[in-house]
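Presented below is the structure to which this report refers.
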Amino acid sequence: MNRSHSCGELSANHVGQQVVLMGWVQKRRDHGGVIFLDLRDRGGVVQVVLSPDLQKETFEKGQAVRPEYVLAVWGEVKRRPPGTENPNMATGQVEVAAEGIRILNAAKSLPFYPGDAPEVDEALRLRYRYLDLRRPECWQAFTLRHQAAKVIRDFLTNRGFLEVETPMLTRSTPEGARDYLVPSRLNPGQFYALPQSPQLFKQILMIAGFERYFQFARCFRDEDLRADRQPEFTQLDIEMSFINEQDIQSLTEEMLAELFKQVLGRELAVPFPRLSYQEAMDLYGSDKPDLRFGMQIVDVSSHVRDSTCRVFSDAVKRGGVVRGIRVPGAASFSRKVLDELGKLVTSWGARGLAWFQLGDEGIRSPLAKLFTPRELEDLVAKMGGEKGDLLLFIADKKDVTESVLGQLRLEMAGRLGLIDSDQFSFVWITDFPLLEYNEEEKRFEAVHHPFTAPREEDIPLLETDPGKVRARAYDLILNGTELGGGSIRNHSRELQERLFRVIGLPQDAIEEKFGFLLEALDYGAPPHGGIAFGFDRMMMLMLHLNTIRDVIAFPKTQSATCLLTKAPAPVTAKQLAELHITCADNKIKVIR
RNA sequence: GGAGCUGUAGUGUAGUGGUUUAACACGUCGGCCUGUCAAGCCGAAGAUCGCGGGUUCGAGUCCCGUCAGCUCCGCCA
């Protein structure tokens, strides 16, 4: 017997037709004399009626049916009796009068029912992920993910891109995230690494003359997890030859415009706005600013440098800065809330929070009496403060002030409900520094990765003032989340080697770890560059979800375990022996 | 490595200020019921209160530790 229709497709147009349905029993309503079953498949839900008047045997079989049984049902589609239509159901005009049913599989009582999943503890949902996923909302998310991938594939294909797979078993390279390692049985003591990204392979494909490459690439990073970070994730990886920054950015904008139009039916305003790294840090205290609301940071250092208020003036004289944000309509915040905010900013590393309530009776602040009236007026004017506003200031070292105000800005927007969650606000961040100094390791390291090209005019600074060198790199930010990033790469061996030296890689390590790349650069490497997007994040944001776990079929927990399969797990001593591996800590469990 | 939140029948919760039988809803099981769709009515079963220790005459409740899940910092080229 073959299924003739999906449950969800039945409508008044099918009245009178004989159908065969197969699906899961979502709900059973037993009236003694008549049983209603809501039968669900991926296409939707339809009501099935089991009545002894129609088919006694079928009705009796129906007594045993329970929720989540898998059933085949055959019978006629009938218009529901007048007054019993269900307007809340897509198929609510009709029902299937069951002439026969077959129980394809029974189901025990479930730990939870798919419909309850949104309220159920996530750990339980992950353990029984197949029950959690047995929901239309989940199928919808994965349908959208599939469609998005297809739109992107089609778009890039039409632009002449080739989708190429790169190895999952590759070599560990220095820099970057911690690698997942895979021991080599055939090469005792040697290890593959799972790719953190296909970075070097895609560059080598450019050297191979592919010109335009893309891939939905699985990437692995053995770092701690977050709501938007999994150890295993999917990157939409793109690389092109003979292009500049603008080409990549335009391509991205066209691709995303197409994606949002096709999948969400939304028009994106392109080109996306651009902010330099410096502007982003100054105005938003972050290199991934959320531009769905304003509340820009204002620097008042020069205004308070000679203030009578030592808290402010001393900070500036010590070489720090004083910056603030104007929180509209927040003057009425209680002392308790303000104390809370004060605690918050100290937990973020600031010395303290200075606040000024612009109330009806003037300015209220513990610091108010330390300023002259003229100074206060000046400060308020500089901030653009109006009656009803709350002004918040941080006086500290520049980097602390930036990051704390950046976080505070988000905190205030959240508390005041300033964020329109339906908005998609893209912004390019450009002109990143190429290198930054790592205090711990006492050396410069790449802000993005060491294959990023410096701006031509900054190349002379590489050895003299590395921190000043700007990168030909760009990040794409959506609603305060880093969606992707890329750069123009070094295609000259000489420059690439220089960069390795600047980040403190010894010559032998350069040869050992990156010799294959340098060699490839020697044999006719075209100018090239590209970009990579966190595809899971993209889906999360498009669906207005709070975690990428909801767009990954089988995600890991925060401790990187899989509650469904119980991975990772011990292996047998034999397996380890074949891999030439022993556990250093003999307390570690090995299956014997 | 660090900070915070959570953990009570299958599920979601309540459980005050420390005390007898740990409560409610949904679900499950049984009975009744021929038009429900959050079906209804009657009844029943179901909990070593995450785990270990401590304080106490007495701990779901207080203290310490631990495990798990989540959020965040560090980390994530």
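Chain A is the first sequence line, chain B the second, and so forth, proteins listed ahead of strands; every chain is numbered from 1.
Pair assignment for B:U34 gives none, since no Watson-Crick or G-U wobble pairing has each distance under 3.5 Å. Here B:G74 sits opposite no nucleotide as a Watson-Crick or G-U wobble pair (both hydrogen-bonding atom distances under 3.5 Å). Using Watson-Crick or G-U wobble geometry with both donor-acceptor distances under 3.5 Å, B:C29 finds its partner in B:G43. The partner of B:U61 is absent, by the rule that a Watson-Crick or G-U pair needs both atom distances under 3.5 Å. Judged by Watson-Crick or G-U wobble contacts below 3.5 Å, the nucleotide B:A68 has B:U6 as its partner. Base pairing annotation: B:C24 forms a Watson-Crick or G-U wobble pair with B:G12, both donor-acceptor distances under 3.5 Å.
Across all strands, A:T84 comes closer than 4.0 Å to base atoms (heavy-atom distances). In this structure, A:S403 reaches neither bases nor backbone, as no heavy-atom distance under 4.0 Å exists between it and the strands shown. The residue A:E95 sits close to a base: some heavy atom pair falls under 4.0 Å. Within the 4.0 angstrom heavy-atom criterion, only backbone atoms of the sugar-phosphate kind lie near A:S559; the bases stay farther away. In this structure, A:R125 reaches neither bases nor backbone, as no heavy-atom distance under 4.0 Å exists between it and the strands shown. When heavy atoms are screened at a 4.0 angstrom cut-off, A:N88 is found touching no nucleic acid atom at all. Residue-level contact check: A:E445 touches neither bases nor backbone, having no heavy atom under 4.0 Å from any strand. Among the atoms of the strands shown, only primed sugar atoms or phosphate atoms (P, OP1, OP2) are found under 4.0 Å from some heavy atom of A:P67. At the heavy-atom level, A:N86 lies under 4.0 Å from base atoms of the strands shown. A:E122 comes within contact range of the sugar-phosphate backbone alone, with a heavy-atom separation under 4.0 Å but no base atom that close. Within the nucleic acid shown, A:Q47 comes within 4.0 Å of at least one base atom, counting heavy atoms only. Residue-level contact check: A:R80 touches the bases, meaning some heavy atom is under 4.0 Å from a base atom. Heavy atoms of A:L124 sit under 4.0 angstrom from primed sugar atoms or phosphate atoms, though from no base atom. At the heavy-atom level, A:D121 lies under 4.0 Å from the strands shown only through sugar-phosphate atoms.
In this pair, A:Y130 and A:Y128 present their aromatic rings perpendicular. The plane angle is above 60°, beyond the 30 to 60° band.
Of the candidate nucleotides B:U28, B:G69, B:U11, B:G69 has the atom lying nearest to any side-chain atom of A:L563. Side-chain proximity of A:R29 to the nucleotides B:A39, B:U11, B:G12 is greatest for B:A39. Taking only side-chain atoms of A:E119, from C-beta outward, the nucleotide of B:U36, B:G12, B:U71 with the closest atom is B:G12. Of the candidate nucleotides B:C75, B:G27, B:G35, B:C75 has the atom lying nearest to any side-chain atom of A:R226. Looking at the side chain of A:A177, the nearest of the listed nucleotides B:U28, B:U11, B:C76 is B:C76. Among B:U36, B:U34, B:G1, the nucleotide with an atom closest to any side-chain atom of A:P52 is B:U34. Comparing B:U71, B:G30, B:C37 by their nearest atom to the side chain of A:R66 picks out B:G30. When each of B:C75, B:U36, B:U11 is scored by its nearest atom to the side-chain atoms of A:F36, the top-ranked nucleotide is B:U36. Nearest to the side chain of A:R549, among B:C70, B:U28, B:C33, sits B:C70. In this structure, the nucleotide among B:U11, B:U36, B:G1 sitting nearest to the side chain of A:F112 is B:U11.
Side-chain contact of A:E497 with A:Q507: a donor-acceptor pair under 3.5 Å is present, judged by distance alone. Checking A:Q407 against A:W348 by side-chain atom types alone, a donor-acceptor pair falls below 3.5 Å. Between the side chains of A:D179 and A:S172, at least one donor-acceptor pair of N or O atoms lies under 3.5 Å.
Using atom P as the reference point in both B:G18 and B:G12, the two lie 27 Å apart (nearest Å). Between B:U28 and B:G46, the two C1' atoms lie 9 Å apart (nearest whole Å). Comparing B:U61 with B:A23, their C1' atoms sit 15 Å apart, to the nearest whole Å. Remark: the separation of the C1' atoms in B:U8 and B:G4 is 22 Å, to the nearest Å.
Surrounding CD of A:E57 are at most 12 heavy atoms belonging to other residues, nucleotides or ligands under 6.0 Å away.
A salt bridge is absent between A:E463 and A:R501: the closest approach of a Lys/Arg side-chain nitrogen to an acidic carboxylate oxygen does not fall below 4.0 angstrom.
A:T561 has a side-chain polar atom (N or O) that falls below the 4.0 Å cut-off from OP1 or OP2 of B:G69.
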If you apply the rule side-chain hydrogen bond (donor to acceptor under 3.5 Å, both in side chains), what do you find for A:T166 with A:Q215, and how did you get there? CA-CA 8 Å; A:T166 53; A:Q215 180 182 195; 3.0 Å; yes
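Within 3.5 Å, a donor on the side chain of A:R229 pairs with an acceptor on the base of B:C76, or the reverse.
Aromatic pair A:F451/A:F514: ring centres closer than 6.0 Å.
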